[in-house]
Amino acid sequence: ELRAGYAEVVKYGLIDDPAFFEWCEANGAALLAGDETLRAEAVRRSVEAKARVVAADERETTGTRALLNLGHTFGHALEAATGYSGRLLHGEGVAIGCALAFDLSARMGLCSQEAPSRVAQHLRQMGMPARLSEIPGDLPDDAALVALMGQDKKVLDGRLRFVLARDIGAAFVCDQVPGDLLRQLLRESRDG
């Protein structure tokens with residue numbers, strides 16, 4: 001559960017605070033090992049980040065608030081695919097979702113290949129999954145996973161909306177993801 005919660009913490013660095021992501025890289029292991037001071041700092045910075053994003057879009061009119069859902073379009077579909085069971089905790093789904101969002105961003109030419117590699121490496125160093133192949137048991141096929149994504153609350157006018165990134169700390173909302181590229185990403189993540 002602590003690792004699952006950590007996925008939500010690291011998400012804030014990925015959204016709009018690259019210095020916080022660097023802090024997570026430097027302090028994540030000690031935080032998970034029990035350092036109470038680091039845990040308190042992580043909570044403080046996460047709460048400040050969420051407050052900053054919500055204050056910028058209190059009534060959810062500009063789309064800025066949707067940035068809080070980085071990793072969640074993938075993560076919620078994966079949770080549904082695993083039957084909301086112990087096979088995949090919410091934060092583990094978010095971790096995989098963040099890794100997939102950065103991988104998708106790189107495939108679309110939005111960010112360098114270094115960013116998704118760095119994200120996945122940090123997640124793995126923290127003992128979290130970063131690929132579909134790391135989920136125990138069988139998963140529905142790629143089309144079924146995409147259909148589950150289509151049930152997400154962030155779908156607008158029938159279009160899937162993803163939080164993607166131009167770099168670590170530079171996330172944005174995008175509804176122009178080619179379906180073939182999305183299915184290829186899922187297939188390759190499943191194959192390990």
Side-chain angles (χ1 to χ4, degrees), residues 6-25 42 45-79 90-123 128-132 142 145-186 188-189:
Y6 181 78
E8 294 283 358
V9 169
V10 79
K11 171 190 80 175
Y12 290 110
L14 297 173
I15 291 171
D16 72 349
D17 190 348
F20 184 48
F21 182 74
E22 289 175 10
W23 183 91
C24 289
E25 288 177 309
R45 289 182 80 167
S46 296
V47 169
E48 287 175 353
K50 185 167 189 172
R52 181 177 63 248
V53 172
V54 170
D57 188 13
E58 266 187 68
R59 304 205 189 280
E60 297 189 53
T61 56
T62 67
T64 303
R65 194 168 179 166
L67 296 176
L68 296 173
N69 294 310
L70 174 65
H72 286 69
T73 300
F74 290 107
H76 288 159
L78 294 171
E79 283 181 282
H90 174 74
E92 293 171 326
V94 169
I96 293 170
C98 287
L100 290 173
F102 271 82
D103 194 355
L104 182 59
S105 298
R107 289 170 188 245
M108 291 176 64
L110 301 169
C111 72
S112 72
Q113 280 296 329
E114 178 184 302
S117 296
R118 190 172 158 201
V119 171
Q121 178 183 0
H122 180 62
L123 293 173
M128 291 184 288
R131 298 184 65 77
L132 298 181
D142 303 333
L145 286 176
V146 172
L148 287 170
M149 288 179 212
Q151 296 174 9
D152 193 83
K153 67 181 180 180
K154 293 172 292 304
V155 171
L156 187 64
D157 297 327
R159 297 181 75 98
L160 287 174
R161 293 191 322 156
F162 292 88
V163 180
L164 299 179
R166 290 184 184 87
D167 201 351
I168 291 171
F172 67 99
V173 178
C174 178
D175 67 356
Q176 303 292 320
V177 174
D180 58 338
L181 190 62
L182 177 59
R183 287 185 296 278
Q184 178 185 8
L185 170 73
L186 293 172
E188 290 177 11
S189 181

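Under the ring pair (Phe, Tyr, Trp, His ring centres under 6.0 Å) criterion, Phe20 pairs with Trp23, sequence neighbours left out. With sequence neighbours left out, the side-chain contact (heavy atoms from CB on, under 4.5 Å) criterion links Val146 to Leu160, Leu182, Arg183, Leu186. In this structure, the side-chain contact (heavy atoms from CB on, under 4.5 Å) partners of Ala56, at least two apart in sequence or on a different chain, are Thr64. Every residue was checked against the side-chain hydrogen bond (donor to acceptor under 3.5 Å, both in side chains) condition with Glu22, not counting sequence neighbours, and none meets it. With sequence neighbours excluded, the residues that form a side-chain hydrogen bond (donor to acceptor under 3.5 Å, both in side chains) with Gln176 are Arg159. In this view, Tyr6 and His122 satisfy the ring pair (Phe, Tyr, Trp, His ring centres under 6.0 Å) rule, not counting sequence neighbours. With sequence neighbours excluded, the residues that form a side-chain hydrogen bond (donor to acceptor under 3.5 Å, both in side chains) with Glu25 are Arg118. Listed by chain and number, the residues in a side-chain contact (heavy atoms from CB on, under 4.5 Å) with Ser112 are Glu114, Ala115 (sequence neighbours excluded). Checked against side-chain hydrogen bond (donor to acceptor under 3.5 Å, both in side chains), Asp103 has the following partners two or more places apart in sequence or in another chain: Arg107. Take Glu8 and apply the salt bridge (Lys or Arg N to Asp or Glu O under 4.0 Å) test, not counting sequence neighbours, and it matches Lys11. Taking Pro18 as the reference, Ile168 meet the side-chain contact (heavy atoms from CB on, under 4.5 Å) condition, with sequence neighbours excluded.
Rounding to the nearest 0.5 angstrom, the gap separating the CE atom in Met149 from the CZ atom in Arg161 is 15.5 Å. The CD1 atom of Ile15 sits 10.0 Å away from the NZ atom of Lys50 when rounded to the nearest 0.5 Å. Rounded to the nearest 0.5 angstrom, Leu104 CG and Ser189 OG are separated by 11.5 Å. Taken to the nearest 0.5 Å, the CG atom of Leu110 stands 11.5 Å off from the CG atom of Asp167. To the nearest 0.5 Å, atoms CZ (Arg52) and CG (Leu67) are separated by 10.5 Å. Rounding to the nearest 0.5 Å places CG of Leu123 at 11.0 Å from CD of Glu92.
The ring-ring contact (aromatic ring centres under 6.0 Å, His included) analysis of residues 160-186, with sequence neighbours excluded, yields the pairs Phe74-Phe162.
Contact of the Ser105 side chain with the Pro116 side chain is not registered, since no non-hydrogen atoms from C-beta on lie closer than 4.5 Å. Between Val94 and Leu70, every side-chain heavy-atom pair lies at or beyond the 4.5 Å cut-off.
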Notebook entry, point to check: Can you check side-chain contact (heavy atoms from CB on, under 4.5 Å) on Thr73 and Val163, steps first, answer last?
Noted result: CA-CA 8 Å; Thr73 300; Val163 180; over 6 Å; no
Next item on the list: Evaluate side-chain contact (heavy atoms from CB on, under 4.5 Å) for Val119 paired with Val10, printing each intermediate quantity in order.
Entry: CA-CA 9 Å; Val119 171; Val10 79; over 6 Å; no
Checklist line | side-chain contact (heavy atoms from CB on, under 4.5 Å) evaluation trace for Glu79 with His72 | finding: CA-CA 10 Å; Glu79 283 181 282; His72 286 69; over 6 Å; no
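Ala7 and Gly91 make their closest contact through CB-O, 3.1 Å (heavy atoms, listed as atom of the first residue, atom of the second, distance). Here the shortest heavy-atom pairing between Ala19 and Arg45 reads C-NH2, 4.2 Å.
Remark: side-chain polar atoms of Arg65 are not paired, donor with acceptor, to backbone N or O of Val53 under 3.5 angstrom.
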